[in-house]
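Heads up, the thing below is written out as structure tokens.
What you see below is based on every heavy atom in this structure, not just the backbone, and it leaves out hydrogens, waters and symmetry mates. Keep in mind that what you see is a predicted model, and the values were worked out from it rather than measured.
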Amino acid sequence: QVQLVESGGGLVQAGGSLRLSCAASRSTFSINAMGWYRQAPGKQRELVAAIGSGGNTNYADSVKGRFTISRDNAKNTIYLQMNSLKPEDTAVYSCNAGVFIGGRYYSYDYWGQGTQVTVSL
């Protein structure tokens, strides 16, 4: 079992930056992989970025070069640095615990409550 709590969302103008944090209730060192998902109104939830215990990462094509996922095992926290934000990045962002298998991220059913990110023109 692991509880996840996100923070750092908010309202930002297009071109701006935000950093999301996700604090885990137990050592992230013991969690194989973690990811950030987002869901916009009327759209399916999509994987934005994921990071493995070895620091390996993958990103959705739509955020490559703009978003960076990282983890601090000493603080049991993962981060999502979001730069050059666009209105289409507006969504509820949630973190998740999961696993990498064959280079692909699979989510377990451990989710945070989500944090709203709104990007205005």
Side-chain angles (χ1 to χ4, degrees):
Q1 290 283 345
V2 61
Q3 282 76 48
L4 304 169
V5 179
E6 302 96 337
S7 60
L11 173 64
V12 65
Q13 287 189 325
S17 299
L18 283 174
R19 189 176 81 154
L20 306 182
S21 300
C22 173
S25 61
R26 64 177 175 91
S27 172
T28 52
F29 182 76
S30 66
I31 301 172
N32 178 273
M34 296 186 72
W36 284 99
Y37 284 76
R38 67 185 180 188
Q39 187 168 22
K43 294 188 176 181
Q44 287 191 330
R45 184 166 58 195
E46 63 171 342
L47 178 64
V48 175
I51 186 166
S53 57
N56 49 306
T57 59
N58 65 22
Y59 295 92
D61 287 342
S62 59
V63 306
K64 282 181 181 177
R66 300 188 298 122
F67 291 10
T68 302
I69 189 171
S70 61
R71 64 196 292 168
D72 186 339
N73 290 332
K75 296 182 178 180
N76 298 338
T77 300
I78 66 166
Y79 304 96
L80 186 67
Q81 178 67 45
M82 305 185 294
N83 299 328
S84 302
L85 283 161
K86 305 175 181 180
E88 51 264 44
D89 294 317
T90 296
V92 175
Y93 286 70
S94 301
C95 69
N96 169 263
V99 62
F100 268 112
I101 300 176
R104 180 176 175 179
Y105 181 80
Y106 294 87
S107 62
Y108 291 142
D109 196 20
Y110 298 121
W111 297 93
Q113 81 286 354
T115 186
Q116 177 70 45
V117 171
T118 303
V119 184
S120 63
L121 288 170

Exercise for review: Give a yes-or-no answer on whether the side chains of N83 and S17 include a donor-acceptor pair shorter than 3.5 Å.
Suggested key: yes

Review point. Between L18 and I69, is there a shared hydrophobic cluster once you connect ILVMFWY residues whose side-chain heavy atoms come closer than 4.5 Å?
Key: yes

Review point. Would L80 and W111 show up in the same hydrophobic cluster when neighbours are defined by side-chain heavy atoms closer than 4.5 Å?
Key: no

Check your understanding: Rounded to the nearest 0.5 Å, what separation is found between the CZ atom of R71 and the CG atom of N76?
Key -> 10.0 Å

Check your understanding: Taking NZ, NE, NH1 and NH2 as the nitrogens, is one of them in K86 or D89 under 4.0 Å from a carboxylate oxygen of the other?
Key -> no

Practice item. Determine whether V117 and W36 fall in the same hydrophobic cluster, where Ile, Leu, Val, Met, Phe, Trp and Tyr are linked whenever their side-chain heavy atoms lie under 4.5 Å apart. Key: yes

Review point. What heavy-atom pair brings N58 and F100 nearest, and what distance separates the two atoms?
Key: ND2-CE2, 3.3 Å

Review point. Do L47 and L20 share a hydrophobic cluster (ILVMFWY, side-chain heavy atoms under 4.5 Å, transitive)?
Key: no

Check your understanding: Crowded around L121 CG? As in, over 12 foreign heavy atoms under 6.0 Å?
Key -> no

**Study point:** Shortest non-hydrogen separation from L4 to A24 and the atoms involved
**Key:** CD2-CB, 3.8 Å

Check your understanding: Counting N and O atoms only, with roles assigned by atom type, does the side chain of N96 sit under 3.5 Å from a partner on the main chain of Y108, one being a donor and the other an acceptor?
Key -> yes

**Study point:** Distance, nearest 0.5 Å, that separates CZ of R38 from CD of E88
**Key:** 8.0 Å

Review point. How far apart are the closest heavy atoms of C95 and I78, and which atoms are they?
Key: CB-CD1, 4.3 Å

Practice item. Look at the side chain of E6 and the backbone N and O of C22, then say whether any donor-acceptor pair between them is shorter than 3.5 Å. Key: no

Review point. Can you tell me how far CZ of R45 sits from OH of Y37, rounded to the nearest 0.5 angstrom?
Key: 7.0 Å

Check your understanding: When rounded to the nearest 0.5 angstrom, what distance separates OH in Y93 from CD in Q39?
Key -> 12.0 Å

Review point. Does M82 share a hydrophobic cluster with V119, counting links as ILVMFWY side-chain heavy atoms below 4.5 Å and allowing steps through other members?
Key: yes

**Study point:** Test item: Y105 side-chain N/O and G35 main-chain N/O as donor-acceptor pair under 3.5 Å
**Key:** yes

Check your understanding: Counting N and O atoms only, with roles assigned by atom type, does the side chain of R26 sit under 3.5 Å from a partner on the main chain of Q1, one being a donor and the other an acceptor?
Key -> yes

Exercise for review: Spell out, as yes or no, whether a donor-acceptor pair under 3.5 Å connects the side chain of T118 to the backbone of T90.
Suggested key: no

